[in-house]
Amino acid sequence: MISLLATVFTLTMFLSNVPTLYFFTRMNSVQNYQATPFLSLLLNCALWSKYAILLEDSTLLLVNLVGLLVGIASLYTYFKYSDKSAEIVNYCIGFLYAVFGYLYIFNPLSATTQLGFIASGSSILLFGAPLAGMAQVLRTRTVAGIISPIMSSVAFGASFTWSIYGFMIKDAFVIVPNLIGCALTIVQIAMCFVFRRDMNGSLPMSKIRLDPSSKD
């Protein structure tokens with residue numbers, strides 16, 4: 001049950017890229033979007049897919065293979081409608097070749113441990129990406145267009161269920177980055193309540209001061 005929930009939450013996060021890709025095709029441009037999130041998705045899922053193969057964990061493998069495909073499709077769409085060079089993708093592929101080649105010098109058990117460190121480190125960096133958005137929220141005092149309460153909740157669900165799954169399979173490399181993900185998404189959700197604005201851009205309730213002379 002936990003593995004199913006973790007899979008559903010994670011696939012929902014991956015598929016949240018679809019509206020963005022549709023926007024690229026409709027506008028025939030990537031506007032000011034950056035390729036970094038798509039590159040991070042590809043790298044992270046490629047590392048975890050290899051880790052799942054070494055661990056012989058079908059749940060981890062299935063989810064990350066889907067994420068890998070989404071990452072490839074996202075990058076293809078991005079650079080199709082972008083005038084930016086796709087050379088950075090070659091660097092990412094080279095990095096993956098270097099990592100996987102490096103693992104061949106170890107026996108299977110040591111390779112799994114080495115890749116576990118690399119993959120969990122990659123996930124921590126991926127979870128840390130929203131910190132820039134959090135800093136912007138603190139500057140602007142609004143989450144509008146910066147943090148999505150729905151996606152933050154989905155991200156928390158994914159991190160929480162994967163943390164439980166990590167405890168079930170007794171794998172610290174799954175547990176640690178997802179516990180960090182839980183903490184960061186809780187902060188994001190809290191920000192959505194503290195700095196929320198309505199559709200008209202009005203201030204949060206905490207910022208509204210009632211005029212004592214006003215009457216109902």
- prompt: Between D171 and L55, is any pair of side-chain heavy atoms under 4.5 Å apart?
  reply: yes
Q) Among the clusters formed by ILVMFWY side chains lying less than 4.5 Å apart, do I169 and F117 turn up in the same one? A) yes
When every non-hydrogen atom of S49 is compared with those of L65, the smallest separation belongs to OG-N, 3.6 Å
Rounding to 0.5 Å, atoms CD1 (I2) and OG1 (T161) come to a distance of 7.0 Å
4.5 Å side-chain heavy-atom contact, T25 and L21: no
dist C182:SG -> I175:CD1 (nearest 0.5 Å) comes out at 11.5 Å
CZ of F23: more than 12 outside heavy atoms within 6.0 angstrom? yes
Heavy atoms of F24 and Y78 approach each other most closely as CE1-CD1, 3.8 Å
Heavy atoms of A52 and L61 approach each other most closely as CB-N, 3.4 Å
Common cluster, V8/V70, ILVMFWY with side-chain heavy-atom separation under 4.5 Å
no
T185 and A155 have their tightest heavy-atom pair at CG2-CB, 3.6 Å
message: Are F79 and L69 connected into the same hydrophobic cluster when the rule is that any two of I, L, V, M, F, W, Y join if their side-chain heavy atoms are below 4.5 Å apart?
response: no
Distance col, row L5:CG vs W162:CH2, nearest 0.5 angstrom, shows 11.0 Å
- How about L42 and F38: do any of their side-chain heavy atoms sit closer than 4.5 Å? no
Closest heavy-atom pair, C45 versus L68, reported as atoms and distance to 0.1 Å, is CB-N, 3.6 Å
Interatomic distance, CG@L75 vs NZ@K80, rounded to 0.5 Å, equals 14.5 Å
Hey, what's the ring geometry for F156 with F160, parallel, tilted or perpendicular (30° and 60° as the breaks)? parallel
Between S123 and N44, is the side chain to side chain contact (heavy atoms under 4.5 Å, CB included) condition met? List the steps. CA-CA 6 Å; S123 289; N44 195 60; 3.2 Å; yes
One should read off an interatomic distance between F9 CZ and T12 OG1, to the nearest 0.5 angstrom, of 7.5 Å
- request: Kindly determine whether D57 and Y165 satisfy side chain to side chain contact (heavy atoms under 4.5 Å, CB included), including the steps that lead there.
  value: CA-CA 11 Å; D57 189 308; Y165 184 77; 2.8 Å; yes
- Are side-chain heavy atoms of W48 and I118 found at a separation under 4.5 Å? no
(request) List the steps, then state whether side chain to side chain contact (heavy atoms under 4.5 Å, CB included) holds for T77 with Y22. (result) CA-CA 9 Å; T77 306; Y22 175 72; over 6 Å; no
Of all heavy-atom pairs linking V63 and F14, the shortest is O-CE1, 3.3 Å
### Message
Under a 3.5 Å distance rule, please check whether S16 uses its side chain to pair with a backbone N or O of M13 as donor and acceptor.
### Response
yes
Side chains of S120 and V176, heavy atoms from C-beta outward: is any pair under 4.5 Å?
no
Here the gap from L62 atom CG to T10 atom OG1, rounded to the nearest 0.5 Å, amounts to 10.5 Å
